[in-house]
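As a basis for the values below, the full set of heavy atoms in this structure was taken, side chains included, without hydrogen atoms, waters or symmetry mates. What you see is a predicted model; the values in this text were computed from it and never measured. Whatever order the structure lists them in is the order used to number ligands and atoms, beginning at 1.
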Amino acid sequence: MVGDDSSGETGRGHVTDEKTICPFCGVGCGVRYDPEQGKGVGWNAPVNRRGELCPKGVAAFDTEGHDQRLTAPLVRNSAGELVEASWSEALDKVESGFREILDSHGPDALAFFASSNCTNEENYLVQKLARALGTNNVDNCSRLCHSSTVAAMTDRFGTGAMTNSIADLPDAEAFLVAGANPAEQHPVIFSSYVAPALKRGATLIHVDPRANATTRYADYHLPVKPGYDIPLLNAMCAVAVRENLADEVFLAERVEGVAEFREWLESVDVDAAAELAGVDPSELRDAAHDYAGVERAAVFTGMGMSQHHCGTANVHALLNLALLTGNVGKRGAGVNPLRGKNNVQGAGDVGALPDTLPGYRDVTDDEGRETISEVWGFEPPKTPGLTEVEATHRFGDEVRGAFVLGENIAATEPNANRVAAQLDSLDLLVVQDIFPTETTAHADVVLPASSWAEKAGTVTNTDRQVQRMRAVAELPGDARRDFELLCELGKRLVGDEISFDYTGPRDVFEELTSVTPIYGGMSYEGIGEGSQQWPFPEDAESGEAVLHRETFGDGSKRARLEPVEHVEPADEVGDDELVLTTGRVLSHYNSGAVTRRSGILTRLRSEDALQIHPDDASARGIDGGDRVVVENDRGRVEAMADVTPAIRRGTVFLTFHFADPLVNRLTGDALDPTAKIPEYKHSAVRVRVESSE
Ligand code: SF4
């Protein structure tokens with residue numbers, strides 16, 4: 001049976017044309033299957049109001065009927081091979097293995113990897129399971145993309161989410177896009193909301209070491225050196241103040257620390273800061289003037305800002321600029337992180353984080369734990385758990401067992417060679433997924449699960465809109481729905497005294513709204529084919545909620561300005577080395593576990609090529625199309641050279657979508673001290689022609 005809340009036995013191989021939500025990026029477009037065309041088409045959902053879709057949405061149903069799907073449980077045998085097993089064998093092994101670890105080493109010897117690509121209900125169940133077993137070792141891959149953004153915004157604004165709604169952003173007169181490439185990575189937001197404003201004359205400032213699809217529309221391209229965003233943003237603040245473009249009314253009413261910040265800003269030498277950041281000082285001045293000189297200027301921020309070991313500080317510097325110019329709490333403005341996966345926002349909202357309970361209540365907050373215990377029937381542990389990367393660093397040591405839901409951590413965590421060795425050092429690795437991946441290759445038990453189209457539930461998009469996905473396709477083989485598997489694991493591992501007895505995602509959603517204050521009052525029926533946006537029910541009907549209009553998320557009227565000093569990147573760059581930075585391309589998605597198998601999306605020759613500047617190529621005797629080796633002390637990959645001035649001199653670029661080249665063999669695992677996000681965007685590497693050793 002397919003349909004809204006189905007969780008029982010199904011037939012096989014049938015996809016309905018019911019409306020659901022795209023499983024890929026955080027835009028959250030409505031998509032449905034068109035049986036005549038054999039692909040996805042858009043419908044007039046809350047975000048893609050005219051049914052627009054990007055190529056990934058069109059290809060979304062390529063998961064259905066795919067011949068590489070996992071269709072039976074796999075268990076590693078005594079010869080070290082993964083072999084098919086019955087469900088009871090597989091689940092018995094999970095139960096006995098985790099019990100043994102719990103008995104011998106205690107609950108903190110387990111780590112749970114939830115998934116920002118799974119529904120709110122599934123993430124809620126994973127974190128409840130971890131906490132019911134006595135550990136806060138639960139995290140999701142939002143740790144790896146925007147945890148630093150969330151940390152800085154929560155600290156300054158009291159809320160770690162887009163301050164504005166997609167719907168009000170066309171009112172902007174200027175866009176500052178920092179470390180993001182929305183024309184390629186969030187295409188429907190760019191084409192349907194940003195581009196119309198640009199056509200009306202809005203200015204686009206693009207801060208990125210690489211000219212890409214977004215840059216084509218930009219009035220200013222500031223090709224910042226990876227890791228040098230802070231001096232660039234400080235210089236923009238200094239220009240705003242020196243040209244009398246600070247918003248004095250806003251500063252007087254809504255901001256604290258103004259005098260101290262102005263005094264500190266006097267020490268900022270704009271020319272020197274621009275040069276340190278690797279951009280032309282006069283371009284920077286003009287761009288700062290155009291951002292600060294309009295009534296409404298919006299920031300989009302992405303992983304180019306957040307994925308540094310100083311990611312939190314980077315975002316703090318960005319928040320200074322928005323506050324200084326009064327671009328907070330009004331339409332067409334704000335600071336707007338573009339979330340990568342379809343439920344990055346929701347996975348954190350519902351508590352799949354090691355330090356916060358559902359609704360971002362701190363695990364150390366006695367009142368929060370007590371409130372939740374009234375619903376759960378047990379009090380969650382109060383010691384913050386390990387983040388994703390911290391957990392992998394302790395695999396085989398304090399952490400003996402791991403459960404991974406729908407993530408490909410062997411490919412997506414930094415320093416992949418180290419991660420691969422650490423995965424093999426676990427006593428028990430359980431992976432629940434839909435395709436064989438680089439991570440299932442290390443697993444002791446693989447549980448074949450449901451694709452996005454085979455399950456129901458809610459997801460929360462990048463501007464806080466909660467929407468409903470429907471089960472529109474049949475499960476393949478003996479695969480089971482994630483929801484059912486998580487309930488089954490809960491019942492087996494925790495017992496009957498704590499409820500994992502839910503009839504469907506609707507049941508779970510009801511419970512999670514009762515313990516997640518920002519979702520309080522939402523309902524499955526209320527969402528229907530539309531959305532409900534948090535904070536609910538403010539402006540729920542319009543879908544245009546602008547946060548911080550009168551007060552910030554913690555109830556205070558004022559946010560503070562805060563001097564931010566430059567932090568040197570973790571990797572020192574030697575004379576013969578270049579800086580590797582990474583990113584996405586339009587047709588692919590994260591580790592590529594799904595999109596690289598798509599029949600509709602094709603892997604273009606240029607997509608896994610190493611972009612290198614002509615001067616750097618020439619200095620190394622590299623021609624376009626050459627096979628090159630990219631290496632450092634952490635690892636080595638090979639790629640084809642794409643010699644192009646689109647990438648700044650001294651920097652090279654690779655995407656992270658492919659197992660070959662697996663770029664995370666090269667990335668470092670130095671962590672941001674606050675958000676524990678790794679330094680993905682600045683890795684020192686040596687590049688040479690493949691045969692030139
Ligand atoms: Fe899917 Fe994002 Fe493309 Fe919309 S923009 S179709 S949500 S991948």
Side-chain angles (χ1 to χ4, degrees), residues 19-34 37 39-64 116-120 141-142 145-146 162 165-167 169-170 177 180-196 212-214 300 302-303 336-347 451-453 457-470 472 529-531 533 543 583-598 600-602 607 655-657:
K19 295 171 179 171
T20 187
I21 301 299
C22 176
F24 291 117
C25 85
V27 177
C29 298
V31 64
R32 67 176 179 81
Y33 185 66
D34 181 335
Q37 299 188 66
K39 61 185 184 183
V41 293
W43 55 277
N44 51 343
V47 178
N48 57 331
R49 293 174 177 171
R50 298 189 309 278
E52 316 90 298
L53 281 188
C54 83
K56 289 194 287 291
V58 172
F61 292 93
D62 282 9
T63 46
E64 303 317 298
S116 49
N117 211 187
C118 285
T119 65
N120 286 323
C141 71
S142 65
C145 59
H146 268 299
M162 266 182 75
S165 288
I166 296 168
L169 288 168
V177 179
N181 176 13
E184 206 162 351
Q185 296 163 358
H186 299 82
V188 170
I189 286 184
F190 193 82
S191 61
S192 300
Y193 295 88
V194 176
N212 52 42
T214 301
F300 284 117
M303 298 194 299
N336 302 290
L338 290 166
R339 313 305 299 259
K341 290 188 169 185
N342 67 335
N343 200 31
V344 180
Q345 186 65 54
S451 80
W452 71 284
T458 62
V459 285
T460 307
N461 82 341
T462 194
D463 74 341
R464 302 170 270 110
Q465 296 188 64
V466 183
Q467 303 185 93
R468 272 168 59 185
M469 298 177 92
R470 269 86 176 171
V472 298
E529 285 185 358
S531 67
Q533 188 174 30
R584 298 189 184 103
V585 294
L586 173 63
S587 297
H588 290 278
Y589 179 70
N590 280 35
S591 78
V594 172
T595 52
R596 69 172 101 128
R597 293 182 165 97
S598 168
I600 295 177
L601 301 173
T602 48
E607 286 177 343
T655 64
F656 48 63
H657 301 301

Side chain to side chain contact (heavy atoms under 4.5 Å, CB included) assessment of Met469 paired with Gln467: CA-CA 7 Å; Met469 298 177 92; Gln467 303 185 93; over 6 Å; no

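For the 3.5 Å distance criterion, the side chains of Thr460 and Asn120 qualify, holding a donor opposite an acceptor. Side chain to side chain, Ser191 and Glu52 fail the donor-acceptor criterion of an N or O pair below 3.5 Å.
Excluding waters, the count of protein N/O/S atoms less than 2.8 Å from atom 4 (Fe) of ligand 1 comes to 1.
His146 contributes a side-chain N or O that, together with a main-chain N or O of Leu338, makes up a donor-acceptor pair within less than 3.5 Å.
Proximity of Glu64 to Ser451: side-chain heavy atoms (C-beta onward) are separated by under 4.5 Å at one or more points. The closest side-chain heavy-atom distance from Arg584 to Phe656 is below 4.5 Å.
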